[in-house]
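Structure, as structure tokens:
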2 protein chains.
Amino acid sequence: MAKENKSRYAVLGMLSTEPMSGYDIKKAIENSVANFWNESYGQIYPILKQLADAGLTTSHTEKQEGKPERYVYTLTDKGREELLHWLAEPVEHAVERNELLLKLFFGHEVSVTTSIEHVRQFRMLMAALLQKYTGIIAYLNEHCMDAPDMLYRRITVSYGLHRTQALVQWCDETIELLQQMSGRDQSRPDK
Amino acid sequence: MAKENKSRYAVLGMLSTEPMSGYDIKKAIENSVANFWNESYGQIYPILKQLADAGLTTSHTEKQEGKPERYVYTLTDKGREELLHWLAEPVEHAVERNELLLKLFFGHEVSVTTSIEHVRQFRMLMAALLQKYTGIIAYLNEHCMDAPDMLYRRITVSYGLHRTQALVQWCDETIELLQQMSGRDQSRPDK
DNA sequence: CGTGTCATGTAATCAGTTACATGATTCA
DNA sequence: TGAATCATGTAACTGATTACATGACACG
């Protein structure tokens with residue numbers, strides 16, 4: 001029942017597709033799971049050492065001309081086992097903090113336009129995400145729909161799509177609601 | 001540009017409605033913003049001391065018979081100013097980690113039923129949330145729709161509703177997709 | 001000549017949870 | 001008698017980001 005460090009599994013997972021260096025892992029994360037998972041070098045490099053010490057990976061150096069050396073890590077059978085074990089375990093759900101909602105919750109302390117502006121900003125962010133996601137989905141549909149891991153990739157993007165579309169709608173409804181409010185209530189003028 | 005501790009503002013915000021003790025603040029958080037914000041005593045009590053040292057609150061003790069003493073904190077004008085300033089600043093958006101999606105992303109490593117089970121579990125969680133939210137909305141519509149801060153409360157619940165409904169739909173679509181997959185592909189049997 | 005990429009790492013710091021410590025009262 | 005609630009706090013630990021340090025090459 002020991003507390004498990006999720007970052008370890010993110011690294012293990014990345015190594016499960018192919019042997020990589022710490023630098024590679026960072027890049028791989030950035031162009032695959034970055035929409036819902038990030039790691040910094042400050043986490044990756046120490047974890048990579050731990051994993052090697054625990055026998056979950058083996059490492060070998062690759063010399064390159066004109067470039068720094070690379071330390072490439074390969075998953076061992078024990079490492080893959082560890083990953084599979086974690087994948088089979090139930091997901092731990094934590095309440096995620098939402099700064100936007102916290103600010104809106106105290107909205108009666110400030111002007112209505114302040115809250116509206118927060119929601120507008122958020123809507124722009126969501127709209128940008130929407131475009132990004134639809135682009136990825138289109139790409140995945142065109143290319144490489146045969147690869148089995150592409151299905152799982154599409155599932156994660158679809159999650160983002162559903163969530164983002166719903167939040168855009170919430171933004172629109174909320175902005176309208178707040179605007180109606182600001183028409184009626186003049187008690188707190190701007191600035 | 002100093003990094004700002006969000007927990008400070010959560011505490012300040014709670015104190016903005018009425019003077020409270022650390023214990024009260026924990027309770028207040030639990031039955032108002034707990035769906036998107038939590039604080040532990042390990043955060044609250046030290047912050048309360050900091051705020052008093054910085055002149056953002058004043059404190060006085062309340063003696064009670066048969067119960068421990070209470071240290072009740074009241075927002076000062078300076079404290080309210082600090083809160084208002086933070087409320088007016090743009091929201092910082094951080095990428096939130098999603099363990100479910102990380103596990104699904106590596107779904108090709110395990111059996112399809114494992115992934116289906118993860119999504120099913122998540123769906124049950126979302127269904128429970130849905131009930132909770134609709135209950136709160138109904139309550140807010142019946143009672144106290146006059147209070148101005150109730151509007152903002154409803155807005156935060158509405159966010160949860162939109163998000164949760166969308167995710168339930170995603171669950172259904174994803175389960176169906178995975179089931180179709182498991183019908184076709186027998187390459188990775190269960191267990 | 002400066003910026004960006006490749007590449008690895010450590011140290012300092014901050015944020016946050018959990019466990020521990022204390023102690024009276026009330027209720028089943 | 002034991003659990004729950006009221007009430008305040010600290011210490012240990014874990015997790016995570018950021019800044020720092022180094023150094024060469026390529027591209028404009």
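Quantities reported herein were computed from a predicted structural model and do not represent experimental measurements. The sequence lines fix the lettering, A, B, ..., with proteins before strands; numbering per chain opens at 1.
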With [X] via side chain to side chain contact (heavy atoms under 4.5 Å, CB included) - residues at least two apart:
| X | result |
| --- | --- |
| A:P46 | none |
| B:T57 | B:L15, B:L51, B:A52, B:Y73, B:L75 |
| A:T156 | A:F36, B:L101, B:F105 |
| B:D24 | B:M20, B:S21, B:R70 |

Quick one: list whatever passes ring-ring contact (aromatic ring centres under 6.0 Å, His included) with B:Y152, sequence neighbours left out. none
Please give, in whole Å, the distance from [N] [atom2] to [X] [atom1]?
| X | N | atom1 | atom2 | answer |
| --- | --- | --- | --- | --- |
| A:E92 | D:dG15 | CD | P | 11 Å |
| B:E99 | D:dG15 | CD | C1' | 14 Å |
| A:E96 | D:dA16 | CD | C1' | 17 Å |
| A:N5 | D:dC13 | CG | C1' | 13 Å |
| A:R8 | D:dT14 | CZ | C1' | 14 Å |
| B:E62 | D:dC6 | CD | P | 15 Å |

My understanding is that only one of A:D77, A:L87, A:L56 makes a side chain to side chain contact (heavy atoms under 4.5 Å, CB included) with A:E82; could you say which? A:L56
Can a donor-acceptor pair be found between the side chains of B:Q121 and B:E117 at a distance below 3.5 Å? yes
Between B:R97 and D:dG15, is there a side-chain N or O to OP1/OP2 distance below 4.0 Å? no
Report yes if at least one side-chain N or O of B:S7 is closer than 4.0 Å to OP1 or OP2 of C:dA15; otherwise report no. no
Between the opening five pairs and the closing five pairs of the helix from C:dC1-D:dG28 to C:dA28-D:dT1, how far apart are the helix axes, to 10°? 40°
N/O donor-acceptor pairs under 3.5 Å from side chains in residues 38-45 of chain A, not counting sequence neighbours:
| from | atom 1 | to | atom 2 | distance (Å) |
| --- | --- | --- | --- | --- |
| A:E39 | OE1 | A:S7 | OG | 3.1 |
| A:E39 | OE1 | B:R97 | NH2 | 3.2 |
| A:E39 | OE2 | A:S7 | OG | 2.9 |
| A:E39 | OE2 | A:W37 | NE1 | 2.8 |
| A:E39 | OE2 | B:R97 | NH2 | 2.9 |
| A:Q43 | NE2 | A:S7 | OG | 3.0 |

Pull out every residue in residues 17-52 of chain A that has a heavy atom closer than 4.0 Å to any atom of DNA chain D, ordered by number, or say none. A:S40, A:G42, A:Q43
Salt bridge (charged side-chain N to carboxylate O under 4.0 Å, His left out) contacts in which one or both residues fall within residues 161-181 of chain A, not counting sequence neighbours: A:R123-A:D172, A:R163-B:E96
